[in-house]
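Structure first, commentary second.
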Amino acid sequence: MKRLRLGVNIDHVATIRNARGGSHPDPVRAAGLAARAGADGITAHLREDRRHISDDDITRLSRDIPLPLNLEMAATPEMLDIALRHRPAAACIVPEKRKEITTEGGLDVVSDMDRLGNFVADLGAAGCRVSLFIDPEFDQLHAACKIGAPVVELHTGSYCGAVSESDREAELARIVESAAVAERLGLECHAGHGLTFETVAPVAAITSLTELNIGHFLVGEAIFGGLESSIRRMRGLMDKARSHGLGIRTA
C-alpha cells in the first residue's frame, strides 16, 4: 500500500520565537529535525501580518532544508509575487482573516472561481504543485477541479474538534466521502488541521489520501518530549493506521 506522506508545519516554532524576539527557537533548525525524524515535507504559512513565519524564514527554508517546501499563502498579489520569486515545491492557497487565531475553515472556491483560477494557473506555470485548502464538501471539490487545481487539502478541524463520538463519526464520514470524490475527479487529496495522536489514525487509514499536514500539535508535544520524538510517534501512528487498515476506508 502506498505510503502516506507527512508534512510538518513549523509555523509555531516561529510563534514562540516571535513572542520574545530574537532568533531562538529557529524554525529552520526545526525543519532540519523534522527531516531527520521522518517528515516528507515542510509546511510554512507566510501570513500577511507576519505573525509567525517571516520573509527571511522563507528564504532560508527554500535554500537550506533538505525537504520540499509547501508554502501556505493567501490569494493576494503580494503572496503570489513571493511564491513566484521563491518557487517552492508546493503552494497551498488558504483563506486568511487578520483577526483569526488560526485558519478557521476552507476556501470558498465556488464563489471565487475566476480569481482563484488565476492563482492556480500562475503558480502551476511556475512549477509549483498547487493545492486548495477546502472544507470536505462536494461542491468545493467540483469547483477546485473545474479551475484546474491538481490538489486539494481537506480541512479536518471540525472532525478533530467534535465533542461527541457521534459528531466525530459524522465529520469523519464527510472526510472519507470527500476524499473518494476527489479521487474520482482526478484530484490528489491531502488533509490537515488539528490532528493529534488521538485523532490521526482514522484519517490516516483513508486510502484516497496521500498526505497529512500537521504542525501545532507536534510543536506543542515537543515541549514535553522533543520535536523529533513527537514527529516519529506521529509517523508511526500514520504508518500503522495505513498498513493495518484502522478507521474507515474509501471504496
Side-chain angles (χ1 to χ4, degrees), residues 4-5 7 9 41 43 45-48 70-84 87-98 100 102-162 167 170-195 203 206-214 248-251:
L4 180 64
R5 298 193 302 267
N9 186 311
T43 295
H45 185 176
L46 184 65
R47 282 183 172 267
E48 292 181 85
N70 176 31
L71 175 63
E72 287 190 347
M73 53 176 279
T76 67
E78 179 198 18
M79 292 301 149
L80 179 61
D81 287 345
I82 291 170
L84 294 178
R87 300 195 176 212
C92 182
I93 303 176
V94 301
E96 188 172 312
K97 301 173 185 175
R98 286 295 179 95
E100 67 185 359
T102 185
T103 304
E104 296 173 346
L107 291 164
D108 185 357
V109 186
V110 173
S111 299
D112 204 9
M113 290 178 64
D114 289 342
R115 191 174 71 93
L116 291 173
N118 290 332
F119 278 85
V120 169
D122 289 346
L123 289 165
C128 297
R129 184 198 71 194
V130 188
S131 62
L132 301 180
F133 187 74
I134 61 172
D135 291 322
E137 298 173 354
F138 296 167
D139 58 345
Q140 299 297 341
L141 287 161
H142 284 282
C145 183
K146 189 171 183 178
I147 65 172
V151 185
V152 291
E153 181 170 339
L154 302 179
H155 180 234
T156 55
S158 295
Y159 159 74
C160 294
D167 285 348
E171 291 297 336
L172 179 62
R174 290 178 65 210
I175 297 168
V176 170
E177 292 162 2
S178 294
V181 170
E183 187 172 48
R184 288 196 292 270
L185 291 172
L187 296 167
E188 182 175 323
C189 194
H190 304 172
H193 198 82
L195 292 167
V203 176
I206 300 170
T207 56
S208 296
L209 295 176
T210 61
E211 179 175 302
L212 301 183
N213 285 292
I214 307 173
I248 303 172
R249 291 176 173 235
T250 55

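Atoms considered below: every heavy atom in the structure, side chains included; atoms not considered: hydrogens, waters and symmetry mates.
Shown here are the side-chain hydrogen bond (donor to acceptor under 3.5 Å, both in side chains) partners of E137, two or more places apart in sequence or in another chain: there are none.
Counting heavy atoms from C-beta on, the side chains of L107 and D112 never come closer than 4.5 Å. In this structure, V130 and P150 have side chains that are in contact, with non-hydrogen atoms separated by less than 4.5 Å. At a threshold of 4.5 Å between non-hydrogen side-chain atoms, the residues H193 and E153 do not count as touching. Side chains of L187 and V151 form no contact here, defined as non-hydrogen atoms less than 4.5 Å apart. Using a 4.5 Å heavy-atom cutoff, the side chains of V120 and L132 are in contact.
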| task | Given side-chain contact (heavy atoms from CB on, under 4.5 Å), test M73 with L46 step by step and report yes or no. | result | CA-CA 6 Å; M73 53 176 279; L46 184 65; over 6 Å; no
Check: residues 138-145 side-chain donor-acceptor pairs under 3.5 Å, at least two apart:
| unit_1 | atom_1 | unit_2 | atom_2 | d |
| --- | --- | --- | --- | --- |
| Q140 | OE1 | V109 | N | 2.7 |
| Q140 | OE1 | V110 | N | 3.3 |
| Q140 | NE2 | D108 | OD1 | 3.2 |

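Looking at every heavy atom in both residues, A179 comes nearest to I206 through CB-CG2, 3.9 Å. Y159 approaches V203 most closely through the heavy-atom pair CE2-CG2, 3.5 Å. The two residues P88 and C128 have their closest heavy-atom pair at O-SG, 3.2 Å. The two atoms that bring L123 and A91 nearest to each other are CD1-CB, 4.1 Å, heavy atoms only. For G105 against P95, the heavy-atom pair with the smallest separation is O-CG, 3.0 Å.
Open room surrounds CG on D114; 12 or fewer heavy atoms of other groups in view lie less than 6.0 Å from it.
Taking CZ from R5 and CD from E211, the interatomic distance works out to 4.5 Å, rounded to the nearest 0.5 Å. In this structure, the separation between CG on N118 and CZ on R115 is 9.5 Å, given to the nearest 0.5 Å. Taking CG of D135 as the reference point, atom CD of E171 lies at 9.0 Å (rounded to 0.5 Å). To the nearest 0.5 Å, atom CG of residue L80 and atom CD1 of residue I93 are 8.5 Å apart. Going from atom SG of C92 over to atom CG of L71 covers 9.5 Å, rounded to the nearest 0.5 Å. How far CD1 of I175 is from CG of L154: 7.0 Å, rounded to the nearest 0.5 Å.
Donor-acceptor pairing under 3.5 Å is lacking for the side chains of N9 and T43.
Ring-plane geometry between F133 and H155 is classed as perpendicular, the angle between the planes exceeding 60 degrees on a 0 to 90 degree scale with a lower cut at 30.
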